[in-house]
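These notes are about the structure you will find just below.
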Amino acid sequence: MLELRNLCFQVSDDARKQKEEGHSKEIIKDVNLTFDDHAFIAITGPNGGGKSTLAKLIMGIEQPSSGQILYNGTDITGLSITERANLGISFAFQQPVRFKGIKVRDLIQLAAGNGENGHSTVAFPSICDYLSKVGLCARDYVNRDIDNSLSGGELKRIEIATIIARNTPLSVFDEPEAGIDLWSFNNLIQVFEEMHRESRNSLIIISHQERILNIADEIVVLADGNVQDRGRRGDILPELLKGTESCRFYQQPAVVQ
């Protein structure tokens with residue numbers, strides 16, 4: 001389904017210095033990865049290793065310095081975020097975007113798709129179901145605006161509800177545990193398991209969390225912009241959890257309302 005070929009991404013902290021001295025920093029270094037249909041892949045590794053950048057390259061938020069991204073055999077390297085979304089790729093940000101003037105109900109209806117003449121085919125009970133899956137009471141949220149009145153944790157859960165509503169062939173989550181409380185984190189584990197079990201869709205989750213890694217089929221370890229290891233969960237996770245520096249990759253989710 002998804003293939004990354006010799007993918008590289010370079011940036012400079014000081015553009016003028018880069019121009020004068022020809023220096024640049026490699027964030028992603030010649031990464032080659034293939035993700036099959038119905039894959040559940042967790043990408044982990046130390047902070048600053050390039051995980052979030054790789055996710056943004058897949059979605060088109062960043063453009064690679066070189067290399068290719070293929071989706072179902074089609075080169076999507078030069079496509080926009082919207083074009084990739086229309087092909088069936090969803091993305092959940094580590095820090096969700098606020099949409100002033102748009103209500104939670106509207107966002108989920110847009111995510112789920114509209115019927116003829118722009119009238120949504122998504123029934124209210126379905127909206128309630130999407131929200132309840134991420135630990136939110138629909139009665140309290142459907143008419144709320146996606147603005148500063150919502151906490152970071154609430155925004156995160158609403159964003160994940162829209163991903164569930166879209167039900168696309170490929171969903172990419174960038175640290176979905178960031179900014180949510182422990183109870184909601186436990187619910188998210190069940191959500192990801194259900195998404196994988198009940199559909200043919202693929203999930204790619206960027207995470208430090210052992211509990212998320214423990215439900216993935218495969219784990220990719222990304223460090224210093226390189227793929228350090230990849231394999232079945234049962235082969236990779238025990239090595240990561242040994243008494244080595246790799247243990248620093250994992251943290252307990254912060255309790256944030």
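Nothing fancy with the numbering, it's 1 onward along the sequence. FYI, side chains are in, hydrogens and waters are out, and symmetry mates aren't considered; it's all heavy atoms of this structure.
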Pairwise distance CD1(Ile204) to CZ(Phe173) - rounded to 0.5 angstrom: 11.0 Å
Heavy-atom closest contact (Gln94 atom, Ala178 atom, distance): CG-CB, 4.2 Å
Could you give me the CA-CA distance, side-chain angles and deciding distance for Asn186 and Arg211, then say whether side chain to side chain contact (heavy atoms under 4.5 Å, CB included) is met? CA-CA 9 Å; Asn186 292 335; Arg211 286 193 60 191; 2.4 Å; yes
Would you confirm whether Lys51, through its side chain, and Pro46, through its main-chain N or O, come within 3.5 Å as a donor-acceptor pair? yes
Hey, is the main chain of His38 close enough, under 3.5 Å, to the side chain of Ser202 for a donor-acceptor pair? yes
How close do Arg157 and Val134 get, heavy atom to heavy atom, and via which atoms? CD-O, 2.9 Å
Does anything in residues 68-87 pair up under salt bridge (charged side-chain N to carboxylate O under 4.0 Å, His left out), and if so which pairs, sequence neighbours excluded? none
When rounded to the nearest 0.5 angstrom, what is the spacing between CZ in Phe35 and CD1 in Ile58? 5.5 Å
For a 4.5 angstrom cut-off between non-hydrogen side-chain atoms, does Val11 reach Thr53? no
Answer with yes or no whether the hydrophobic clustering places Ile28 together with Leu70; edges join I, L, V, M, F, W, Y residues whose side-chain heavy atoms lie under 4.5 Å apart. no
Working note: Val31 + Phe9, criterion side chain to side chain contact (heavy atoms under 4.5 Å, CB included); need CA distance, chi angles, decisive distance, verdict. CA-CA 10 Å; Val31 166; Phe9 181 71; over 6 Å; no
Between Lys242 and Glu239, does a salt bridge (charged side-chain N to carboxylate O under 4.0 Å, His left out) hold up when you go through it step by step? CA-CA 5 Å; Lys242 283 182 178 178; Glu239 292 299 315; 3.0 Å; yes
Criterion side chain to side chain contact (heavy atoms under 4.5 Å, CB included) on Leu57 and Leu4, from CA distance to verdict: CA-CA 10 Å; Leu57 289 169; Leu4 312 181; over 6 Å; no
Any chance you could measure Leu155, atom CG, to Asp147, atom CG, to the nearest 0.5 Å? 8.5 Å
Exam field: side chain Asn6 to backbone Asp30, donor-acceptor pair closer than 3.5 Å: no
CZ-CZ distance between Arg233 and Phe40, expressed to the nearest 0.5 angstrom: 9.0 Å
Heavy-atom closest pair, residues Ser90 and Ile163: CB-CD1, 3.7 Å
Taken in chain and number order and not counting sequence neighbours, the residues that satisfy side-chain hydrogen bond (donor to acceptor under 3.5 Å, both in side chains) with Asp217 are His196
If only atom types and distance count, is the side chain of Lys156 paired as donor or acceptor with the main-chain N or O of Ser151 below 3.5 Å? no
Please examine the side chains of Ile127 and Gln109, heavy atoms only from C-beta on, and report whether any two atoms are closer than 4.5 Å. yes
Find out whether Leu54 and Leu7 are in side-chain contact, i.e. whether some heavy atom of one side chain is under 4.5 Å from a heavy atom of the other. yes
Check each of Ile81, Thr168, Leu170, Leu79 against Ile89 using the side chain to side chain contact (heavy atoms under 4.5 Å, CB included) test, and report the only one that passes. Leu170
Scan for ring pair (Phe, Tyr, Trp, His ring centres under 6.0 Å) pairs involving residues 43-82, sequence neighbours excluded, and state none if there are none. none
Heavy-atom closest pair (Pro176 atom, Leu188 atom, distance to 0.1 Å) is O-CD1, 3.8 Å
With a 4.5 Å limit on heavy-atom distance, are the side chains of Lys133 and Asn187 in contact? no
Return the CG to CG distance between Leu241 and Asn214, rounded to the nearest 0.5 Å. 8.5 Å
Side-chain donor-acceptor pairs of residues 224-231 under 3.5 Å, sequence neighbours excluded:
unit_1 : atom_1 : unit_2 : atom_2 : d
Asp224 : OD1    : Lys29  : NZ     : 3.1
Asp224 : OD2    : Lys29  : NZ     : 3.2
Asn226 : ND2    : Asp224 : O      : 3.4
Gln228 : NE2    : Ala223 : O      : 3.1
Arg230 : NE     : Glu218 : OE1    : 3.1
Arg230 : NH1    : Thr34  : O      : 2.8
Arg230 : NH2    : Thr34  : O      : 2.9

Hey, could you give me the CG/CD1 distance between Asp235 and Ile219, rounded to the nearest 0.5 Å? 9.5 Å
Is any side-chain heavy atom of Leu150 closer than 4.5 Å to a side-chain heavy atom of Tyr141? yes
How close do Thr77 and Pro64 get, heavy atom to heavy atom, and via which atoms? CG2-CG, 3.7 Å
Can you check side chain to side chain donor-acceptor pair (under 3.5 Å) on Glu177 and Ser207, steps first, answer last? CA-CA 8 Å; Glu177 70 273 11; Ser207 182; 3.2 Å; yes
What residue pairs, at least two apart or across chains, pass salt bridge (charged side-chain N to carboxylate O under 4.0 Å, His left out) with a residue in residues 1-11? Glu3-Arg5
Within the structure provided, determine whether Pro169 and Asn72 are in side-chain contact (heavy-atom separation under 4.5 Å). no
Between Val104 and Leu131, does a side chain to side chain contact (heavy atoms under 4.5 Å, CB included) hold up when you go through it step by step? CA-CA 10 Å; Val104 172; Leu131 290 172; 4.0 Å; yes
What residue among Ile164, Asn201, Ile160 forms side chain to side chain contact (heavy atoms under 4.5 Å, CB included) with Met195? Ile164
Once side chain to side chain contact (heavy atoms under 4.5 Å, CB included) is applied, do any residues pair with Arg197, and if so which ones, sequence neighbours excluded? Glu193, Glu194
